[in-house]
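Heads up, the thing below is written out as structure tokens.
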Amino acid sequence: CTADFEVTVPRGTKVTGENGSGDLSVEGVAGMDAKSRSGEIKLQDVTGDVKLDLTSGDVEISDLTGKLDVKANSGDIQASGLKGGPVSVETSSGDIELELAEANDVRAKGTSGDIEVKAPGGGYKVTTETRSGDVDNELGNDSSGSHSIDATTVSGDIALSSGITTSGVVFVALLIV
């Protein structure tokens, strides 16, 4: 027997709970603290800290203002539009893709999988380690940087870049002589 549930809460409510099996999709809340044994988790437009503990399943997060803490045994972790707090993600088997909207501390740890971090330019203290894979660090390593990026995996590639595009208005002035 299976059932689908749709729960509506006031915007800005913090969500906590446990999920045995099934997908979760959450939008517009003020933080989340959840455990899930199996299923995909999608979060969007969250203003508050997020803590997720997963056994199996992919995580997709967009537009988070707050601290991010994800631990997964198996599954990909993809997060974009991250600002307002440090980022700590860990998966035993799966890829990690992080895109920061503003400079912050990042800890990304994998066992088997690639790690990709896109961050705004600026000074970062960078530590990378992979036993079987390549490291491409376009951010450099600034020992006096105000933020740190620590990316480690046993088997997989690590890519750090500043390829961030931000939304906003671009003014172009044309001078005709």
Side-chain angles (χ1 to χ4, degrees), residues 15-26 31-44 46 48-64 66-120 122-143 145 147-164:
V15 176
T16 61
E18 294 188 26
N19 178 40
S21 178
D23 297 342
L24 294 173
S25 181
V26 179
M32 182 165 181
D33 186 347
K35 292 182 180 183
S36 179
R37 283 194 304 255
S38 176
E40 182 176 309
I41 295 180
K42 286 187 179 184
L43 303 179
Q44 183 177 336
V46 177
D49 296 344
V50 170
K51 182 177 181 182
L52 302 174
D53 187 353
L54 294 96
T55 302
S56 176
D58 295 338
V59 175
E60 184 178 326
I61 300 170
S62 61
D63 302 322
L64 167 67
K67 185 168 104 175
L68 177 62
D69 184 3
V70 178
K71 290 187 175 109
N73 286 336
S74 174
D76 295 337
I77 300 170
Q78 181 180 6
S80 63
L82 302 174
K83 61 184 178 179
V87 176
S88 178
V89 295
E90 183 175 337
T91 183
S92 296
S93 177
D95 295 334
I96 297 171
E97 294 179 31
L98 304 172
E99 185 174 315
L100 304 181
E102 67 182 22
N104 256 312
D105 294 334
V106 174
R107 179 183 161 275
K109 183 178 179 184
T111 302
S112 176
D114 297 336
I115 297 174
E116 179 181 356
V117 178
K118 293 181 181 178
Y124 296 92
K125 297 175 210 167
V126 174
T127 305
T128 60
E129 181 182 351
T130 179
R131 292 188 192 150
S132 176
D134 297 321
V135 175
D136 181 13
N137 179 4
E138 295 176 11
L139 294 175
N141 185 14
D142 182 351
S143 61
H147 295 286
S148 63
I149 295 177
D150 183 5
T152 61
T153 184
V154 175
S155 178
D157 297 333
I158 297 173
L160 308 177
S161 68
S162 62
I164 298 298

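Judged as a side chain to side chain donor-acceptor pair (under 3.5 Å), and not counting sequence neighbours, Thr130 has no contacts.
Between Thr152 and Asp150 the shortest side-chain heavy-atom distance falls below 4.5 Å. Counting heavy atoms from C-beta on, the side chains of Val87 and Leu100 come closer than 4.5 Å.
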Test side chain to side chain contact (heavy atoms under 4.5 Å, CB included) on Val46 and Val26 and set out the steps.
-> CA-CA 9 Å; Val46 177; Val26 179; 5.5 Å; no

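One distance of note links OG of Ser162 with CG of Leu139; it measures 6.0 Å at 0.5 Å rounding. The CD1 atom of Ile41 sits 4.0 Å away from the CG atom of Leu54 when rounded to the nearest 0.5 Å. How far CE of Met32 is from OG1 of Thr16: 9.0 Å, rounded to the nearest 0.5 Å. Atom CG of Leu43 sits about 8.0 Å away from atom CG of Leu64, to the nearest 0.5 Å. If you take CG on Leu160 and CD1 on Ile115, they are separated by 8.5 Å, rounding to the nearest 0.5 Å. With values rounded to the nearest 0.5 angstrom, Thr128 atom OG1 is found 5.0 Å from Ile158 atom CD1.
Of all heavy-atom pairs between Ala103 and Pro120, the closest is N-CG, 3.8 Å. Taking all atoms of both residues into account, the shortest heavy-atom contact from Val126 to Gly140 is CG2-O, 3.1 Å. In plain terms, the two heavy atoms of Gly20 and Arg37 that are nearest each other are O-CB, 3.1 Å. The shortest non-hydrogen separation linking Ser148 to Asp105 is N-OD1, 2.8 Å.
Here the side chain of Asp157 pairs no donor or acceptor atom with the backbone of Asp114 at under 3.5 angstrom. Formation of a donor-acceptor pair under 3.5 Å by the Thr153 side chain with backbone atoms of Gly113 is found in this model.
Within the structure, salt bridge (Lys or Arg N to Asp or Glu O under 4.0 Å) pairs that include any residue of residues 75-89 do not occur (at least two apart or interchain).
With respect to Arg107 and Glu90, a salt bridge is recorded, a charged nitrogen being found less than 4.0 Å from a carboxylate O.
Applying the side-chain contact (heavy atoms from CB on, under 4.5 Å) test between Leu68 and each of Val106, Val89, Ile77 identifies Val89 as the sole match.
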